[in-house]
Trainee: 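Can you read through this structure? Questions will come right after.
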Amino acid sequence: MITTEDLTKQVLAGSPRALARVITWVENSDPRAAKCLEELHPHMGHALILGLTGSPGAGKSSLTDQITHHFRKRDKTVGIVAVDPSSPFTGGALLGDRIRMNRHAGDPGVFIRSMATRGFLGGLAQTTDNVVKAMDASGKDIVIVETVGVGQDEIDIMRIADTICLILAPGYGDIIQSMKAGVMEIADIYVINKSDHAGADQLYTEVNSRILQDTQIKKSPWTPPVVKTVATEKRGIDDLVEAIGSHQCQLKESGAILEKRRERIRQQTFQMIHFALFQLMEKELAQNGRLERLVDAIIERKENPYRAMREIVDEFIHTPAAR
Ligand SMILES: Nc1nc2c(ncn2[C@@H]2O[C@H](COP(=O)(O)OP(=O)(O)OP(=O)(O)O)[C@@H](O)[C@H]2O)c(=O)[nH]1
Ligand SMILES: [Mg+2]
């Protein structure tokens with residue numbers, strides 16, 4: 001049996017097998033994952049975390065592939081996490097097909113992981129975050145998170161990233177959808193992919209005017225650029241990477257990066273505590289069928305949930321386990 005200490009050492013030495021193992025533990029909420037992440041913690045915080053979101057088929061994976069290629073040519077190592085919250089599949093075979101990363105498969109400088117919804121115990125965003133952190137600690141210079149962007153889950157996942165790119169393509173009706181879902185508001189860079197298709201110019205104009213309105217209202221110090229790309233022909237990739245670089249500079253120069261990271265740590269720490277308490281309470285209430293008895297009493301109006309909640313919380317605070 002390998003110890004978490006040994007595994008951590010192997011991750012830090014760059015072993016992809018060790019990294020894959022830690023990630024599997026993270027996904028399965030194996031208690032050893034927390035131990036490893038604890039040991040890896042001092043080594044985190046160096047990677048540039050890039051989020052790519054957008055409608056299905058907009059070209060996220062093709063762009064991830066091109067961006068990866070760009071950085072690999074400059075000797076930077078890349079980690080890729082493809083998350084598909086909407087996928088009902090659990091294995092990831094379908095995701096594998098959708099990642100379009102085959103040309104990087106044998107490259108030791110690229111580590112790819114796909115994740116489908118599995119009702120992760122700790123929540124999808126939290127799990128993704130820990131997977132990204134493990135990649136970061138393993139020394140990857142850039143970690144790219146790709147997810148299909150439509151709902152709250154995806155917005156939560158995207159908050160992990162330092163720079164968020166929203167990938168749009170003509171003919172997807174996705175601009176309206178993204179606006180509704182609030183994905184538009186969180187993007188730092190807009191990409192009009194499939195610029196070889198009809199309607200790209202119109203989409204470009206629409207997005208630009210929408211951004212102009214937005215930045216005027218918010219008086220934000222960063223005006224998100226709109227970059228046109230054709231991922232399949234490698235067009236616009238340099239512009240996109242340049243925009244990412246400019247956003248990184250702006251984040252650092254304005255100090256916004258520190259504020260962003262602080263807020264992220266605040267949220268994550270709070271969520272971890274929330275989840276740990278939730279698990280403790282769940283276990284406690286399941287004991288001796290206490291919750292079921294409580295439900296019976298509430299149904300019969302002999303008890304009310306408000307009072308019961310106060311009593312249970314009060315009791316919990318005063319138990320030695322909670323202290
Ligand atoms: N014409 C054209 N086709 C593109 C472009 N970018 C991607 N495609 C094609 O569009 C299809 C979908 O591309 P993907 O990169 O898989 O898109 P995705 O957003 O990752 O898709 P999902 O992960 O399934 O949501 C593929 O057949 C690509 O070859 C582009 O710029 N122009
Ligand atoms: Mg994809």
Side-chain angles (χ1 to χ4, degrees), residues 49-72 78-105 110-118 124 128 131-132 142-155 157-158 160-161 163-178 181 183-184 186-187 189-204 207 225-241 243-244:
I49 302 166
L50 196 60
L52 260 66
T53 188
S55 295
K60 301 175 293 296
S61 300
S62 309
L63 283 168
T64 301
D65 178 68
Q66 294 293 357
I67 295 168
T68 302
H69 186 65
H70 177 102
F71 283 119
R72 287 304 290 139
V78 182
I80 300 165
V81 193
V83 195
D84 193 350
S86 53
S87 170
F89 301 94
T90 50
L94 179 88
L95 271 167
D97 288 342
R98 290 170 74 180
I99 312 182
R100 294 180 204 287
M101 291 288 137
N102 293 343
R103 73 164 150 163
H104 299 294
V110 180
F111 184 94
I112 306 169
R113 185 73 170 208
S114 53
M115 292 170 34
T117 303
R118 284 196 244 169
L124 188 60
T128 311
V131 170
V132 168
I142 295 113
V143 179
I144 306 177
V145 185
E146 174 193 332
T147 188
V148 177
V150 271
Q152 189 56 48
D153 255 358
E154 296 81 347
I155 293 177
I157 292 167
M158 278 300 115
I160 295 166
T163 300
I164 302 174
C165 303
L166 176 62
I167 318 300
L168 302 163
Y172 278 75
D174 42 13
I175 188 163
I176 309 291
Q177 211 184 4
S178 308
V183 183
M184 282 294 276
I186 62 161
I189 296 166
Y190 294 81
V191 180
I192 312 289
N193 190 42
K194 304 199 181 182
S195 284
D196 52 330
H197 284 185
D201 288 336
Q202 197 195 332
L203 183 60
Y204 181 81
V207 174
V226 189
V227 183
K228 281 192 202 172
T229 59
V230 183
T232 41
E233 291 168 26
K234 227 176 139 181
R235 269 160 53 197
I237 306 304
D238 289 346
D239 294 341
L240 175 55
V241 174
I244 294 166

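In each ligand, atom 1 is the first atom listed, and ligand 1 is the first ligand listed. Below, all heavy atoms of this structure are taken into account, side chains as well, without hydrogens, waters or symmetry copies.
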Trainee: Counting backbone and side chain alike, does Ser61 bring an N/O/S atom below 2.8 Å of the Mg ion (ligand 2)?
Mentor: yes
Trainee: Please determine if Lys194 has a nitrogen or oxygen closer than 3.5 Å to a nitrogen or oxygen of ligand 1.
Mentor: yes
Trainee: So if I count the atoms of ligand 1 from 1 in the order they appear, which ones are less than 4.0 Å from some heavy atom of Ser61?
Mentor: 15 (O), 18 (P), 20 (O), 23 (O)
Trainee: Keeping Lys60 on the side-chain end and Gly54 on the backbone end, is there a donor-acceptor pair under 3.5 Å?
Mentor: yes
Trainee: What atoms in ligand 1 come closer than 4.0 Å to a heavy atom of Pro56?
Mentor: 25 (O)
Trainee: Would you mind checking if Asp201 and Lys228 are paired as a salt bridge, meaning a charged N to carboxylate O distance below 4.0 Å?
Mentor: yes
Trainee: Can you find an N or O of Leu63 that's nearer than 3.5 Å to an N or O of ligand 1?
Mentor: no
Trainee: How far does CE of Met158 sit from CD of Glu146, to the nearest 0.5 angstrom?
Mentor: 8.5 Å
Trainee: Report the C-alpha separation of Val145 and Leu50 in whole Å, then their side-chain angles, then the decisive distance to 0.1 Å, and conclude whether the side chain to side chain contact (heavy atoms under 4.5 Å, CB included) test is met.
Mentor: CA-CA 6 Å; Val145 185; Leu50 196 60; over 6 Å; no
Trainee: Specify the closest pair of heavy atoms between Gln66 and Ala231, including all atoms of both residues, with the distance to one decimal.
Mentor: NE2-O, 2.8 Å
Trainee: What do the steps show when you test Val241 against Phe71 for side chain to side chain contact (heavy atoms under 4.5 Å, CB included), and what is the final call?
Mentor: CA-CA 9 Å; Val241 174; Phe71 283 119; 4.1 Å; yes
Trainee: Please test Tyr190 against Leu168 for side chain to side chain contact (heavy atoms under 4.5 Å, CB included), starting from the C-alpha separation and ending with a verdict.
Mentor: CA-CA 7 Å; Tyr190 294 81; Leu168 302 163; 4.3 Å; yes
Trainee: Pull out every atom of ligand 1 sitting under 4.0 Å from any heavy atom of Ser62, numbered as shown with elements.
Mentor: 7 (C), 13 (O), 14 (P), 15 (O), 28 (C)
Trainee: I'd like to know whether ligand 1 has Glu233 as a neighbour, heavy-atom separation below 4.0 Å.
Mentor: no
Trainee: If you look at Glu146, which of its N/O/S atoms is nearest to the Mg ion (ligand 2)?
Mentor: OE2
Trainee: Going by the order shown, which atoms of ligand 1 are within less than 4.0 Å of some heavy atom of Glu146?
Mentor: 20 (O), 23 (O)
Trainee: Out of curiosity, is Gly57 lining ligand 1, as in a heavy atom under 4.0 Å away?
Mentor: yes
Trainee: Applying a heavy-atom cut-off of 4.0 Å, say which part of Asp196 lies close to ligand 1: side chain, backbone, both or neither.
Mentor: side chain
Trainee: What's the verdict on side chain to side chain contact (heavy atoms under 4.5 Å, CB included) for His69 and His104, showing C-alpha distance, side-chain angles and the deciding distance?
Mentor: CA-CA 8 Å; His69 186 65; His104 299 294; 4.1 Å; yes
Trainee: Heavy-atom distances under 4.0 Å are what count here, so tell me which part of Val148 touches ligand 1: side chain, backbone, both or neither.
Mentor: side chain
Trainee: Which of the numbered atoms in ligand 1 are under 4.0 angstrom from any heavy atom belonging to Ala231?
Mentor: 6 (N), 30 (C), 31 (O)
Trainee: Is a side-chain donor or acceptor of Asn193 paired with a backbone partner of Ile167 at a separation under 3.5 angstrom?
Mentor: no
